[in-house]
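Since the model is a prediction, treat every value here as computed from it, not as a measurement. Order of the sequence lines sets the chain letters (A, B, ...), proteins ahead of strands, with each chain counted from 1.
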Number of protein chains: 2
Amino acid sequence: MANDKSKFVFRNRLLCALSPSDAALLTPHLRAVTLKLRQELEQPGRPIRRVYFIERGIASVVSAGIGKDRVETGLIGPEGMTGLMVLLGNHQSPNATFIQAEGTALAIDADALRVALEKSESLRRLLLKYAQVFVIQTAQTAVANARLTLEGRLARWLLMTQDRLGESKVPMTHEFLSVMLGVRRAGVTEALHALEGKRAIRARRGEIDILDRKIIQKRAGTLYGLPEAEYERLFGTPSPSSRTPCAGRARTAAT
Amino acid sequence: MANDKSKFVFRNRLLCALSPSDAALLTPHLRAVTLKLRQELEQPGRPIRRVYFIERGIASVVSAGIGKDRVETGLIGPEGMTGLMVLLGNHQSPNATFIQAEGTALAIDADALRVALEKSESLRRLLLKYAQVFVIQTAQTAVANARLTLEGRLARWLLMTQDRLGESKVPMTHEFLSVMLGVRRAGVTEALHALEGKRAIRARRGEIDILDRKIIQKRAGTLYGLPEAEYERLFGTPSPSSRTPCAGRARTAAT
DNA sequence: GACGATGAGTACGTATGCGTACGAACGCTC
DNA sequence: GAGCGTTCGTACGCATACGTACTCATCGTC
């Protein structure tokens with residue numbers, strides 16, 4: 001699980017955006033890890049041990065009331081990181097975070113991150129910028145849940161997922177989607193059929209092909225694109241100069 | 001609007017929780033202001049000029065997609081402050097914030113707050129703790145919008161509002177509630193009748209009396225109480241010693 | 001190549017909430 | 001105390017989504 005830590009080529013956009021000195025601060029603590037499907041990165045009320053900068057794959061933040069009934073409130077891919085609460089100074093979260101699409105990440109001990117955050121103001125600034133985007137994403141989810149039809153919420157979810165996967169095939173079952181969206185499994189099936197009827201997607205067993213994002217975006221209405229736009233505004237087009245070595249970045253959101 | 005700034009007695013719980021030195025840092029910049037109904041404290045995409053520590057009344061954060069269709073995603077009372085995005089290092093927000101129940105606040109220029117935040121790590125820590133609670137509140141709203149019936153969402157909203165007002169009378173019209181919850185006005189009327197039938201509330205013209213919180217809590221299910229509990233966990237019972245002078249604090253959430 | 005497990009299609013009755021609309025009640029102003 | 005604007009009660013038809021449940025398809029496994 002550990003790795004030669006001398007030189008990473010980052011796919012994670014946050015790591016790519018680090019200044020050289022901040023990169024030097026973090027890199028010694030980063031460990032390449034694989035993210036297995038349904039692996040739990042954070043559990044409600046438990047101490048957060050590690051924070052993950054996603055390189056490939058998707059982590060999902062799900063919230064619940066005091067009991068069960070989890071619903072997804074945030075999506076994290078190679079544009080972001082887990083451990084929002086650590087950034088804000090907490091050691092735990094009432095939410096759970098788990099892997100929704102397997103991949104890899106660079107992980108850092110929460111304590112090491114805390115130390116680095118105290119040392120470097122620019123690091124704090126950078127990561128808190130991501131916190132902003134994440135907060136906005138959560139707020140948008142709240143609005144989407146209130147105002148969008150099931151098909152619309154599904155459309156929004158597909159777009160956000162595809163952005164983070166960077167592929168046209170989304171490997172998810174209806175059952176899983178229904179849990180994420182907090183709706184009935186059969187409802188997902190029907191909504192997917194509706195999208196399929198419009199030639200927007202093609203559904204296979206355990207997999208959804210995205211055929212036409214434009215059509216899907218129409219379904220999601222105005223509730224797709226704002227966090228993505230805010231991300232671009234805050235992080236800008238990554239200037240290759242004076243930045244940490246960086247792999248070609250994952251596709252960004254279309255507006 | 002200005003004020004003798006030498007001695008404040010704070011009702012705002014965040015200000016109350018300030019260490020003496022942090023209080024000394026902020027106090028010179030605080031101005032007592034009145035919050036008028038529907039006054040806009042932040043507008044989407046506009047620079048955030050001032051940040052408000054609510055002393056009495058309620059501010060409401062509403063989010064929208066790229067277009068209209070605003071829905072409330074956060075509530076702020078004397079336990080909190082506006083300007084979350086300033087805390088996170090931004091100068092603007094895609095959300096709007098406006099006064100939902102009139103009152104008063106202590107306001108500080110966003111720039112002055114930024115300077116103070118840079119100077120004092122303990123101040124940063126404290127205010128970011130509130131940011132945590134606010135983020136959790138937003139996530140809970142997302143879950144509530146996905147899973148709760150209209151009556152449940154209304155119940156949750158009534159409880160949160162009453163916590164912040166500290167009174168048993170909530171002065172709101174059905175029309176206004178419908179906008180906040182993102183539902184139909186007539187739907188609010190019906191849901192209120194349902195609650196009234198259970199003797200949980202009593203609805204007058206433009207005003208709702210809270211009669212029995214227990215019954216209302218049953219309606220809100222598990223989706224009321226988590227942010228409130230987290231607030232108490234993080235801020236604890238305010239120890240009167242070594243703290244800034246503080247008025248008797250507003251009622252806290254019952255669990 | 002049969003079996004079990006998982007995933008997907010479908011269906012029926014019901015509940016929740018929407019859009020719209022109209023009228024009644026209340027409260028303020030002149 | 002007449003007039004008017006706001007607020008609230010109510011109603012009807014319809015869309016959306018639910019809960020439940022049964023069947024069929026697909027896949028991996030022995």
Practice problem: Measure the CD1-CZ distance between I208(B) and R202(B) for me, rounded to the nearest 0.5 Å. | Solution: 12.0 Å

Quiz prompt | Interatomic spacing from CD in E79(A) to OH in Y130(A) - rounded to 0.5 Å | solution = 4.5 Å

Exercise. Would you mind classifying the nucleic acid contact of R147(A) as base, sugar-phosphate or nothing, using non-hydrogen atoms under 4.0 angstrom?
Key: nothing

Quiz item: What is the nucleic acid contact for G206(B), judged by heavy atoms within less than 4.0 Å: base, sugar-phosphate only, or nothing?
Solution: sugar-phosphate

Self-check item: Shortest side-chain distance from H174(A), nucleotide among dC8(D), dC18(C), dG9(C)
Solution: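 Given the options dC8(D), dC18(C), dG9(C), the side chain of H174(A) is closest to dG9(C).
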
Quiz item: Between the main-chain N or O of F176(A) and the side-chain N or O of T173(A), is there a donor-acceptor pair closer than 3.5 Å?
Solution: yes

Self-check item: Flag, side chain of E230(A) to backbone of P227(A), donor-acceptor distance under 3.5 Å
Solution: no

Would you kindly give the [atom1]-to-[atom2] distance between [X] and [N], to the nearest whole Å?
| X | N | atom1 | atom2 | value |
| --- | --- | --- | --- | --- |
| R185(A) | dG9(C) | CZ | P | 8 Å |
| N145(A) | dG17(C) | CG | C1' | 16 Å |
| F176(B) | dC8(D) | CZ | P | 12 Å |
| E175(B) | dG9(D) | CD | C1' | 14 Å |
| R38(A) | dT6(C) | CZ | C1' | 12 Å |
| I208(A) | dG9(C) | CD1 | P | 10 Å |
| R153(B) | dT16(C) | CZ | C1' | 10 Å |
| L154(B) | dT16(C) | CG | P | 15 Å |

In plain terms, say whether [X] and [Y] are close enough for a salt bridge, that is, a side-chain N and a carboxylate O under 4.0 Å apart.
| X | Y | answer |
| --- | --- | --- |
| D212(A) | R199(A) | no |
| E151(B) | R156(B) | no |
| E55(B) | R13(B) | no |

Quiz prompt | Close residues, residues 191-202 of chain B, relative to DNA chain C [heavy-atom separation under 4.0 Å] | solution = none

When you compare the side chains of [X] and [Y], does any donor N or O come within less than 3.5 Å of an acceptor on the partner?
| X | Y | value |
| --- | --- | --- |
| Q43(A) | E40(A) | yes |
| Q100(B) | E72(B) | yes |
| S63(B) | N95(B) | yes |

Quiz prompt | Contact letters for nucleotides 11-16 of chain D, in which S counts primed atoms plus P, OP1 and OP2 and B counts the base, heavy atoms under 4.0 Å | solution = B----S

Quiz item: Could you write nucleotides 23-30 of chain C as a row of B, S and -, 5' to 3', where a protein heavy atom under 4.0 Å of any base atom gives B, of only sugar-phosphate atoms gives S, and otherwise -?
Solution: --BBS---

Quiz item: Y224(B) and side-chain hydrogen bond (donor to acceptor under 3.5 Å, both in side chains): which partner among R213(B), R219(B), K218(B)?
Solution: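 For Y224(B), the side-chain hydrogen bond (donor to acceptor under 3.5 Å, both in side chains) check succeeds only for R213(B).
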
